Amino acid sequence: HHMIDVLDATETVTVAEFQQLARVAIDDVLARGRVPLLVGGSGLYFRAVVDDLRFPPTDPDVRARIEARWVDDPRGAHAHLTTVDPDAAARIEPDNLRRSVRALEVLELTGERFSTWDGAWDDHRSIYPGLDVTYLEPPTDVLRARIAARAQAMVATGLLDEAQRLRDTHPGGLSTTARQAIGYGEAFAVLDGDLPPDDLTAAISTRTWGYARRQRSWFRRDPRCTSAATNDV
């Protein structure tokens with residue numbers, strides 16, 4: 001197994017960094033004459049690894065400076081973007097300052113239009129020849145029942161104690177990723193008094209089901225993917 005327990009709970013990783021680390025692991029498996037198996041549920045991270053996706057750099061100082069210039073004039077930022085990257089502007093709502101600023105930030109940092117970075121998203125061609133993709137698709141009632149049972153088991157086997165120990169052993173604070181992970185996010189809400197303990201299981205189940213729905217939609221849109229109907233999740 002690779003890419004498991006490679007970071008401390010205080011550390012964070014971008015999808016671009018994950019892309020590099022995962023590809024190193026895949027190359028290692030291939031070099032030994034074996035077939036790598038990518039198993040998991042994040043469609044974004046899957047595509048980042050197997051497809052020729054590029055992720056623009058970011059700079060907090062540059063972004064803050066651009067945002068400060070246009071903070072009171074989102075449509076002005078969008079109008080300016082239209083003059084320098086009309087393709088990107090066409091896909092951004094005029095009042096969406098955050099996305100307009102991001103596009104302008106990428107242009108300043110790289111000298112490339114933001115619209116040139118996302119061409120591979122519409123082209124489902126893997127950098128690995130012979131890629132075979134299967135996603136499990138049990139009946140909705142079966143999946144929801146399994147999700148509810150898993151959430152109940154997490155709570156019953158000490159999720160709250162685990163979350164508290166995690167905090168206690170990292171007094172400097174956890175990364176945003178760790179704090180917001182499904183299960184931990186809800187457990188921390190209980191510990192902070194923001195969620196009644198009796199609602200913990202239901203909250204985890206609801207959030208997991210929403211994630212599962214997004215997974216289904218993501219992989220259904222990928223023409224390379226074949227669904228496998230199953231009752232065994």
Side-chain angles (χ1 to χ4, degrees), residues 1-29 36-51 53-64 98 102 105 109 135-136 143-144 146-219 233:
H1 297 276
H2 305 265
M3 301 300 294
I4 297 176
D5 285 339
V6 296
L7 295 174
D8 187 78
T10 60
E11 298 177 289
T12 188
V13 65
T14 67
V15 65
E17 292 168 336
F18 181 87
Q19 180 189 64
Q20 296 175 3
L21 293 171
R23 287 178 177 176
V24 169
I26 290 173
D27 290 345
D28 173 62
V29 173
L37 302 177
L38 278 67
V39 182
S42 172
L44 171 60
Y45 279 65
F46 160 72
R47 288 210 59 194
V49 173
V50 304
D51 291 343
L53 301 185
R54 299 191 303 153
F55 298 94
T58 185
D59 185 312
D61 293 333
V62 171
R63 180 179 295 194
R98 181 183 62 83
R102 174 59 175 151
E105 174 197 16
L109 289 174
Y135 68 95
L136 304 179
L143 181 57
R144 296 199 71 157
R146 291 297 179 89
I147 288 173
R150 179 176 178 273
Q152 186 175 14
M154 290 169 64
V155 175
T157 54
L159 175 63
L160 284 175
D161 290 338
E162 179 182 337
Q164 186 61 61
R165 287 196 303 272
L166 190 62
R167 276 188 169 177
D168 293 342
T169 54
H170 298 85
L174 304 173
S175 70
T176 301
T177 305
R179 293 197 309 270
Q180 296 179 352
I182 297 177
Y184 280 142
E186 290 73 23
F188 292 141
V190 171
L191 295 175
D192 292 336
D194 296 327
L195 179 71
D198 291 344
D199 293 344
L200 177 58
T201 298
I204 295 173
S205 181
T206 297
R207 189 171 167 211
T208 306
W209 169 240
Y211 183 56
R213 290 179 61 189
R214 293 193 295 275
Q215 289 174 313
R216 279 180 163 180
S217 297
W218 184 288
F219 288 106
V233 180

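Because the structure is a prediction, the values reported are computed rather than measured. This chain uses plain numbering: 1 for the first residue, then up along the sequence.
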Query - Gap between atom CD of Glu17 and atom CD of Gln19 - 0.5 Å precision - result: 11.0 Å

Requested in this report: May I ask you to decide whether Arg102 forms a salt bridge with Glu105, counting only side-chain N to carboxylate O separations under 4.0 Å?
Outcome: yes

Query raised in the report: Heavy-atom distance under 4.5 Å between the side chains of Phe55 and Thr14, does that happen here?
Result: no

Query raised in the report: Which atoms form the tightest heavy-atom contact between Val49 and Arg23, and what is the distance?
Result: O-NE, 2.9 Å

Report task. Output, in order, the C-alpha distance, side-chain angles, deciding distance and verdict of side-chain contact (heavy atoms from CB on, under 4.5 Å) for Met3 and Val13. Result -> CA-CA 12 Å; Met3 301 300 294; Val13 65; over 6 Å; no

Query raised in the report: Take atom CD in Gln152; do more than 12 heavy atoms of anything else shown fall under 6.0 Å from it?
Result: no

**Report entry** Heavy-atom pair of closest approach, residues His2 and Val29
**Finding:** NE2-CG2, 3.8 Å

Report task. Evaluate whether atom CZ of Arg63 has more than 12 neighbouring non-hydrogen atoms of other residues, nucleotides or ligands under 6.0 angstrom away. Result -> yes

Query raised in the report: Which atom pair, heavy atoms only, marks the closest approach of Arg207 to Ala181?
Result: NH1-O, 3.6 Å

Query - Side chains of Arg179 and Thr176, donor plus acceptor under 3.5 Å - result: yes

**Report entry** Steps toward side-chain contact (heavy atoms from CB on, under 4.5 Å) verdict (Leu53, Val15)
**Finding:** CA-CA 10 Å; Leu53 301 185; Val15 65; over 6 Å; no

Requested in this report: Side-chain contact test, heavy atoms from C-beta onward, threshold under 4.5 Å: evaluate it for Phe188 versus Leu174 and give yes or no.
Outcome: yes

Query raised in the report: When rounded to the nearest 0.5 angstrom, what distance separates CG in Leu191 from CZ in Arg167?
Result: 5.5 Å

Query raised in the report: Going by the angle between their ring planes, with limits at 30° and 60°, are Phe18 and Tyr45 parallel, tilted or perpendicular?
Result: perpendicular

Requested in this report: Nearest 0.5 Å please: distance from the OG1 atom of Thr177 over to the CG atom of Leu7.
Outcome: 8.5 Å

Query - Heavy-atom closest contact (Ala148 atom, Ser205 atom, distance) - result: CA-OG, 3.7 Å

Query raised in the report: With side chains defined as the heavy atoms from C-beta onward, is the minimum distance between Val50 and Ile26 less than 4.5 Å?
Result: no

Query raised in the report: Taking all non-hydrogen atoms of both residues, which atom of Leu109 and which atom of Pro57 are closest, and how far apart?
Result: CD1-O, 3.7 Å

Query raised in the report: With sequence neighbours excluded, what pairs up with Tyr211 under the ring-ring contact (aromatic ring centres under 6.0 Å, His included) test?
Result: none

**Report entry** Distance (rounded to the nearest 0.5 Å) between Thr208 OG1 and Leu143 CG
**Finding:** 10.0 Å

Query raised in the report: How far does CZ of Phe46 sit from CH2 of Trp218, to the nearest 0.5 angstrom?
Result: 10.0 Å

Query raised in the report: Rounded to the nearest 0.5 Å, how far apart are CH2 of Trp209 and CZ of Arg146?
Result: 14.0 Å

Query raised in the report: Are any of the side-chain heavy atoms of His170 and Asp8 separated by less than 4.5 Å?
Result: yes

Query raised in the report: For Leu160 and Ala187, which heavy atoms make the closest approach, and how far apart are they?
Result: CD2-O, 3.7 Å

